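So that we are looking at the same thing, I have put the structure below in structure tokens.
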Amino acid sequence: MITTITGQITNSGKTYIHEHLKINLSGHKKDPDTNFDDLEKVTLELSTLKHDGIETIVDVTNRGMGRDIHAMLQVSETTGLNIIASTGFYKEPFLPDYVYQQSDKELIKLLLEDIEIGIDGTTAKAHVLGEVGTSHNTITPVEERLLKLISQIHCQTGKPIFTHTTLGTMALEQLELLKNWGVDTEKVLVGHLDLSSDLDYHLRVADSGCFLGFDTVGKLNYQPDETRVKIISELIKRGHQDQIVLSQDLTRKSHLKENGGIGYSYLYNNFIPKLIEEGITEQTIEKFLIQNPCKLLNT
Ligand SMILES: [Zn+2]
């Protein structure tokens, strides 16, 4: 079963696995562009996306990132998309103050309420434990504490864990920790791996059995899409096609089409054709968009 904010489904259909309908990281980033709150424009773009055949969006905005369950409910109602919500904590320095003040037991109780009762006074429940992050080339003690806490909730509830790696780093370390704490790596999506261009690294991560997030598609300032396509193609040749999932991770006002950005349709309308051009079959692409997300999300 997959719990969306409006009920339960068993098949998520074509899915964008790592997005934010609304997110505010401007407090620390000191950049008003990172206060992403253009809900009207987002709704409009997502309506088009739904029309094109996308059925589900996983919103990985959690506590401290400006998660807005009312906005998610509104987008879901207007567009008809399935929206899946998340709970957890991101990474330093984007953590709410209470993380440093409350005990593990208190924090676990808060996260379980999001999953079992509903988020912020609604009956809309979280399904994903994410995006739980680590810093660039390091995992801080607090980040490790939160990863452990998330592992405990995973072991208790079976909910999938979505991680955030900073520029693709620390994926192996994340997996090692999660495994030691009893997490089923087949229920883990390591996020932003497509920001690494090192095929060998991808293969080592893939060997753990986790899902690989090619979830910053179109962010060309970090990585050309040609590199993403090449690595996906190599991963398929080595039998890892059942572990790849796709998304764009739009987080800034300037990412929206009307604001001059690539918009949510980029993955579907621009990136998928690049995969086909590379010789990847429609059947494999369906795996990335439908079967793989479905397997990862179902509990
Ligand atoms: Zn992220």
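Since the model is a prediction, treat every value here as computed from it, not as a measurement. Both backbone and side-chain heavy atoms feed into the values below; hydrogens, waters and symmetry mates do not. One-based numbering along the sequence shown.
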Hey, does the side chain of T15 reach the backbone of G13 with a donor-acceptor pair shorter than 3.5 angstrom? yes
Give a yes-or-no answer on whether the side chains of D215 and S247 include a donor-acceptor pair shorter than 3.5 Å. no
So, are R228 and D225 salt-bridged, with charged N and O less than 4.0 Å apart? yes
With a 6.0 Å cut-off on ring centres, are H192 and H18 close enough? yes
Would you please say whether a donor-acceptor pair under 3.5 Å links the side chains of D59 and T61? yes
CD (E116) with more than 12 external heavy atoms under 6.0 Å: yes
Looking at side-chain heavy atoms only, is the closest gap between I232 and V229 below 4.5 Å? no
When the aromatic ring centroids of F214 and H202 are compared, is their separation below 6.0 Å? yes
Heavy-atom donor-acceptor pair, H154 side chain to K159 backbone, under 3.5 Å: yes
Salt bridge or not for K230 and E226, using N-O below 4.0 Å? no
S135 and E92: side-chain donor and acceptor closer than 3.5 Å? no
Lys/Arg N to Asp/Glu carboxylate O, K109 vs E106, below 4.0 Å: no
Heavy-atom closest contact (H70 atom, D120 atom, distance): NE2-O, 4.3 Å
I need the D33 CG to R252 CZ distance, nearest 0.5 Å. 5.0 Å
Less than 4.0 Å between a side-chain N and a carboxylate O, is that true for D242 and K295? no
State plainly whether one hydrophobic cluster holds both L297 and I150, where clusters connect Ile, Leu, Val, Met, Phe, Trp and Tyr through side-chain heavy atoms under 4.5 angstrom apart. no
Using a 4.5 Å cut-off on heavy atoms from C-beta on, say whether the side chain of L175 contacts that of T185. yes
Between OG1 on residue T163 and CD on residue E131, distance to nearest 0.5 Å: 8.5 Å
In Å and rounded to the nearest 0.5 Å, what is the OH to CD1 distance from Y201 to I231? 11.5 Å
Just say parallel, tilted or perpendicular for the rings of H28 and F94, cut-offs at 30° and 60°. perpendicular
Can I153 be reached from I119 by stepping across I, L, V, M, F, W or Y side chains whose heavy atoms are under 4.5 Å apart? yes
Heavy-atom closest pair (Q248 atom, K219 atom, distance to 0.1 Å) is O-CE, 3.6 Å
Could you please spell out the steps behind the side-chain contact (heavy atoms from CB on, under 4.5 Å) verdict for I115 and K125? CA-CA 5 Å; I115 294 168; K125 297 181 178 96; 6.0 Å; no
Exceeds 12 heavy-atom contacts within 6.0 angstrom, atom CD of E40: no
How far apart are the C-alpha atoms of V183 and K187, what are their side-chain angles, what is the distance that settles it, and do they pass the side-chain contact (heavy atoms from CB on, under 4.5 Å) test? CA-CA 8 Å; V183 171; K187 282 284 163 206; 5.7 Å; no
Heavy-atom count around Y222 OH within 6.0 Å, excluding the residue itself: above 12? no
Using a cut-off of 6.0 Å, state whether more than 12 heavy atoms not belonging to E234 lie near its atom CD. yes
Hydrophobic cluster membership, with links at side-chain heavy-atom distances under 4.5 Å among I/L/V/M/F/W/Y: are M65 and I5 in one? yes
State, without any angle test, whether T281 and T284 hold a side-chain donor-acceptor pair at a distance under 3.5 Å. yes
Residues N62 and S86: side-chain donor-acceptor under 3.5 angstrom: no
About how many Å separate CZ of F288 and CD of Q241, when rounded to the nearest 0.5 Å? 7.5 Å
Is it true that Q174 and T134 share a donor-acceptor pair across their side chains at a distance under 3.5 Å? yes
What's the separation between atom CD in E282 and atom CG in L289, rounded to the nearest 0.5 Å? 10.5 Å
Please tell me whether V132 and V245 are part of a single hydrophobic cluster in this structure, the criterion being side-chain heavy atoms less than 4.5 Å apart. no
As a test of understanding, state which of L46, D68, D37 forms a side chain to side chain contact (heavy atoms under 4.5 Å, CB included) with L21. L46
d(E176 CD, W181 CH2) to nearest 0.5 Å is 10.5 Å
Mind running side-chain hydrogen bond (donor to acceptor under 3.5 Å, both in side chains) on T216 and D249 for me, showing each step along the way? CA-CA 5 Å; T216 67; D249 191 23; over 6 Å; no
Among V205, N292, V190, exactly one meets side chain to side chain contact (heavy atoms under 4.5 Å, CB included) together with L212. Which residue is that? V205
Answer yes when R67 and D114 have at least one side-chain N-carboxylate O distance shorter than 4.0 Å, and no when they do not. yes
Report the C-alpha separation of K179 and S208 in whole Å, then their side-chain angles, then the decisive distance to 0.1 Å, and conclude whether the side-chain hydrogen bond (donor to acceptor under 3.5 Å, both in side chains) test is met. CA-CA 9 Å; K179 262 191 282 182; S208 77; 5.8 Å; no
Are more than 12 heavy atoms from other residues, nucleotides or ligands located less than 6.0 Å from atom NE2 of H51? no
